Amino acid sequence: MSYTKPVFHHPHLTKNELGYTKKDYEGSLSTLCAGCGHDSISAAIVEACFELNIEPHRVAKLSGIGCSSKTPAYFLNNSHGFNSVHGRMPSIATGANLANRDLIYLGVSGDGDTASIGMGQFCHVIRRNLNMIYVVMNNGCYGLTKGQDSATADKGSKAKAGNVNPYEGIDLCGLAIELGATFVAQSFSGDKSQLIPILKAAMSHKGFALVNVISPCVTFNNNVGSTKSYDYVREHNESLGRVDFVPLGEEITTQYEAGEVKEVKLHNGSEVLFHKLRQDFDPENKIEVINALQKARSQNEILTGILYLDNSGVELNDLLNTTEVPLNQLSEKELCPGSAVLSEINQGYR
Amino acid sequence: MSGVNDFVIRFANVNGTGSASANFLFAKTVFRMGVPVVPKNIFPSNIQGLPTWYEVRVSEKGYLGRREGIDFMVAVNPQSFKKDVASVNPGGYFMYDSTKVLHEEFIRPDIHYIGVPMMEICNREFSDARQRQLFKNIVYVGALASLLKLDFAEIEGLFAEQFKGKEKLIAPNVKALYLGADYISKSVTQYPSFYVERRDLVGERILVDGNTAAGLGAVYGGASVVSWYPITPSTSLVGAFEDYAKELRVDPVTGKNNFSIVQAEDELAAIGMVMGAGWNGARSFTATSGPGVSLMNEFLGLAYFSEVPVVLVDVQRSGPSTGMPTRTQQSDVLEAAYASHGDTKHVLLFPSTPAECFSFMSDAFDLAEGLQTPIIVMSDLDLGMNDHMSEPFRWDDNKKYNRGKVLNAEELDKLKDWGRYKDVDSDGIPYRTLPGGHPTKGSYFTRGSSHDEYARYTEDSDTYIRIMERLQKKMETAKKMVPAPEIHANGNALGMLYYGTSAHACEEARDLLSQAGTDVDTMRIKSFPFDESVREFIEAHEMVFVVEQNRDAQLRTLLINEMDLNPATLKRVLHYDGTPISADFVLKGILSHLQTKSH
Ligand SMILES: Cc1ncc(C[n+]2csc(CCOP(=O)(O)OP(=O)(O)O)c2C)c(N)n1
Ligand code: SF4
Ligand SMILES: [Mg+2]
């Protein structure tokens with residue numbers, strides 16, 4: 001159920017340059033579990049759009065199916081939204097963008113929605129360099145269908161049902177870079193100070209921008225035996241350093257300095273090492289980026305920040321040499337060649 | 001039964017040898033001589049090497065369906081000799097390449113043989129290997145032209161058109177043509193009793209395939225976003241759209257395209273893109289065949305329930321599964337009508353001719369935007385890929401696109417209480433808004449989950465039922481917007497009902513029946529959902545023959561299901577071997593029902 005939030009217009013609410021308050025960027029009340037990482041990302045999106053002075057109605061929000069894909073209802077109420085079918089948001093985004101290249105297309109997906117059922121469309125929307133922001137709310141599981149492993153779950157981790165995941169986890173960022181994505185970033189739902197600037201950068205990028213956000217599922221990722229579980233981390237406490245337990249349902253936040261490796265404890269008690277990229281890191285050097293990603297992976301670290309950036313990419317409408325005027329604004333005049341041309345065409349078939 | 005301007009000729013070739021354009025040359029020449037032709041390509045799912053046939057019916061009476069029985073066989077493929085010899089009518093002709101001696105097993109006492117040493121002639125006259133191969137085809141056209149009295153000036157005229165800009169190719173083609181013709185005049189004494197004689201029976205009609213027509217129709221209908229995934233027999237439809245769009249839709253000043261085409265990764269993505277574009281206010285379509293429609297099911301349900309305009313062309317081929325991918329059928333009717341899970345229903349259009357492919361296709365965008373729902377144009381391989389003699393394409397320059405109920409900013413400002421799914425006009429069609437249209441009004445959340453009139457998620461049963469019933473009402477409105485059936489009724493007790501490419505065979509069968517003393521009324525269905533006149537026609541007849549090109553009588557099932565008709569009155573006449581249906585087949589089917597009745 002989505003409730004519309006009661007709107008209180010507080011006289012002191014600050015306005016952005018366009019005169020909008022943050023309320024103008026909010027959505028309906030979330031129906032996700034209390035403490036779900038996805039809600040933090042929604043809040044970051046609101047903040048990013050507000051700070052970027054984006055007109056809310058110039059954004060189109062698109063998603064697939066999953067807890068994560070429900071979130072477009074929880075931000076930007078003044079934007080049109082499209083909650084499509086499972087794994088197919090990229091094709092909706094592509095068609096919408098071809099119809100009107102002037103809007104900002106903000107896609108939201110889950111790790112199931114993207115890395116399993118939607119893997120094909122994810123790959124192809126990247127290689128077409130569609131001008132869009134693609135946010136993955138990545139919790140390593142299928143939240144909405146009650147916690148099954150997703151394709152981004154770590155190998156060897158234990159799902160709630162007890163089964164150990166024997167398969168390699170898919171690294172969406174590495175894959176995206178491989179496929180030619182022109183903006184690839186990774187962050188953590190609890191780290192607003194990093195996520196908001198990343199989202200702002202992604203929205204400012206022309207071309208495909210992937211923002212893979214680690215977003216804990218408080219309800220289905222809290223089991224003994226998972227490589228990200230509290231127990232696992234406690235047993236490896238010495239080698240991994242200090243472990244903080246964050247109780248279920250409490251929002252996780254963290255802040256850390258550039259260059260540090262930071263351990264973040266998720267709701268399920270598991271640990272993620274966020275290795276903040278050094279400030280001298282060059283996100284435009286593909287080989288360096290891929291090396292850094294591989295190295296982090298081998299150390300069970302997760303690199304965060306803007307990992308890769310290529311500002312020379314040509315987005316899809318330009319690749320197709322499409323007119324600058326949004327196609328949905330063309331009328332009979334531009335679209336229909338008329339009867340005189342048609343009689344010539346008929347003549348050619350006689 | 002064959003005579004002047006009334007015969008069937010079949011060409012038996014090897015796929016990939018350039019025979020197709022030579023065979024078309026033959027058909028086009030007859031057409032240019034003012035005589036109706038019905039060409040059919042019967043080809044394998046293969047690029048090179050397998051047998052392929054091209055059949056041309058020449059019909060003074062203007063019947064446009066296939067006719068069974070072959071009067072003249074041009075056999076240039078030894079692989080299929082056995083079958084080809086056997087398929088000639090008694091008294092018919094068998095022309096072959098006599099460079100090699102014809103084996104005894106291929107000799108039938110009741111047909112005529114005409115040997116033309118095609119390979120020998122070409123080896124002698126041309127040096128290049130590819131030319132020898134290609135001109136072999138022109139040599140047999142020359143031989144045929146001489147035997148069947150074609151007008152050589154017309155053929156030479158066609159060469160000139162074909163090789164415009166490559167004029168040096170004209171002379172060797174003309175040479176090959178006369179090499180064939182001269183061989184006939186020197187060696188043949190007995191000419192066939194059937195041949196072609198100039199008439200004025202074609203009028204303003206054109207010779208074109210349905211896919212070209214539909215692709216052009218989409219250009220005229222204002223399609224600007226196209227996404228597709230290659231599949232026979234739909235591929236050439238998008239190809240035609242692309243060719244015409246490049247010619248007619250490029251901005252002369254900026255050189256930029258007023259259209260975009262994306263070859264998708266699969267049909268799911270293709271229909272998804274079409275839906276995204278339709279949602280965002282651009283006219284958009286995709287074309288596919290049965291396997292693609294199967295993949296598109298989930299999205300079609302979403303488009304139906306969330307009410308997004310979509311145009312889809314299903315160029316049907318023989319199923320199930322991969323079936324016979326290069327053979328025709330009308331076997332996706334039920335799948336298309338009810339595509340997707342849950343209670344869904346889609347508007348279908350059934351064109352019978354290229355002119356209808358053009359007009360139904362351009363109208364499909366008005367319907368899709370007018371009704372805010374998927375429109376599925378049900379073509380088939382025969383219509384899409386074969387050339388048909390058709391009425392010319394027509395366009396009224398006063399016609400304005402019907403963009404449907406889309407609210408702009410001013411209209412939104414005037415409205416107090418807009419709800420995306422409110423039935424304001426009691427026609428089941430709500431008002432929609434486009435993304436980016438208004439800073440504070442008109443935004444809503446499109447979803448495939450249950451929603452109320454304001455597009456808010458709900459699991460309230462009453463609301464759900466209200467929305468589902470409104471969608472039913474929308475289908476009632478659709479009945480008044482889609483093309484009405486074509487009815488010819490004279491109070492006969494018997495009726496015949498058909499749609500799509502079965503029309504030509506059925507119309508001829510009606511005449512044959514009438515000549516045999518049995519008159520039938522006819523109705524050609526052009527769309528689904530069925531309007532009341534369909535029920536009235538069926539209920540006014542004792543027996544109605546439902547002629548279809550599928551095994552399971554799919555349209556018959558749809559009629560019974562949708563209108564609670566008495567199944568006993570609807571008799572099946574079903575042709576589903578993958579070849580286009582013929583009048584002879586329809587006639588036999590109807591006669592056997594009548595015999596059963598009289599027993
Ligand atoms: C075609 C189809 N198959 C299966 C489902 C059921 N389903 C709904 S959400 C989901 C998984 C969602 O996982 P993810 O994208 O990671 O989202 P999360 O809930 O974890 O945010 C599945 C399998 C569906 N809706 N549609
Ligand atoms: S199940 Fe998990 S992903 Fe879904 S809302 Fe709850 S915490 Fe979030
Ligand atoms: Mg998930």
Side-chain angles (χ1 to χ4, degrees), chain A residues 1-2 4 24 28 55-58 60 62 72-73 77-86 88 90-100 102-103 120-121 123-124 128 316-317 320-332 334-339 341-343 345-346 349-350, chain B residues 204 206-208 216 219-220 222 224-225 227 248-249 251 254-262 264-266 268-270 272-284 298-299 302 392-397 400-401 433-440 443-449 456-457:
Chain A
M1 241 330 217
S2 302
T4 309
D24 296 315
S28 307
E55 289 181 286
H57 73 294
R58 303 304 294 171
L62 313 144
N77 254 349
N78 282 320
S79 308
H80 275 64
F82 199 145
N83 188 194
S84 67
V85 284
H86 198 18
R88 320 292 175 201
S91 60
I92 294 287
T94 306
N97 190 312
L98 294 174
N100 182 356
D102 277 358
L103 301 183
Q121 296 208 349
C123 293
H124 288 274
R128 293 190 185 104
L316 183 61
N317 287 287
L320 293 173
N321 192 33
T322 311
T323 178
E324 295 296 330
V325 184
L327 289 176
N328 70 353
Q329 283 165 33
L330 302 181
S331 66
E332 286 88 348
E334 299 86 9
L335 297 173
C336 185
S339 66
V341 171
L342 194 58
S343 27
I345 292 172
N346 279 324
Y349 293 115
R350 291 209 172 98
Chain B
E204 58 170 358
I206 57 178
L207 189 61
V208 67
L216 182 63
V219 172
Y220 272 74
S224 60
V225 177
S227 180
L248 305 169
R249 279 275 198 82
D251 189 296
T254 61
K256 301 236 175 204
N257 298 331
N258 285 329
F259 64 92
S260 55
I261 303 175
V262 172
E265 55 271 34
D266 54 32
L268 286 83
M273 290 182 207
V274 168
M275 221 187 138
W279 174 75
N280 214 356
R283 295 193 149 191
S284 178
E298 189 184 19
F299 260 130
L302 175 64
F393 307 133
R394 295 183 208 282
W395 189 260
D396 175 2
D397 287 328
K400 283 264 161 267
Y401 295 153
T433 58
L434 300 180
H438 192 293
T440 54
S443 67
Y444 70 98
F445 204 61
T446 304
R447 58 175 105 232
S449 46
R456 294 175 302 211
Y457 179 71

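Within every chain, numbering begins at 1; the chains are lettered A, B, ... in the order of the sequence lines, protein sequences first and strands thereafter. Since the model is a prediction, treat every value here as computed from it, not as a measurement.
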Review point. Which one of T254(B), V219(B), D251(B), V274(B) has the most heavy-atom pairs closer than 4.5 Å to chain A?
Key: V219(B)
Review point. Of the listed residues (L434(B), T440(B), I261(B)), which shares the most heavy-atom pairs with chain A below a 4.5 Å separation?
Key: L434(B)
Point to revise | Donor on one side chain, acceptor on other, H57(A) and S443(B), under 3.5 Å | key: no
Point to revise | Residue pair A93(A) / L62(A): nearest heavy atoms and the distance that separates them | key: CB-CD1, 3.5 Å
Give, as side chain, backbone, both or neither, the part of [X] having an atom under 4.5 angstrom from any heavy atom of chain A.
X: R394(B); value: backbone
X: S227(B); value: neither
X: L268(B); value: both
X: S284(B); value: neither
X: L216(B); value: side chain

Practice item. State, yes or no, whether a side-chain contact exists between L98(A) and L316(A) at a heavy-atom distance under 4.5 Å. Key: yes
Point to revise | Lys NZ or Arg CZ of R88(A) over F299(B) ring: under 6.0 Å, within 45° | key: no
**Study point:** Which atoms of P337(A) approach chain B - backbone, side chain, both or neither, heavy atom under 4.5 Å
**Key:** both
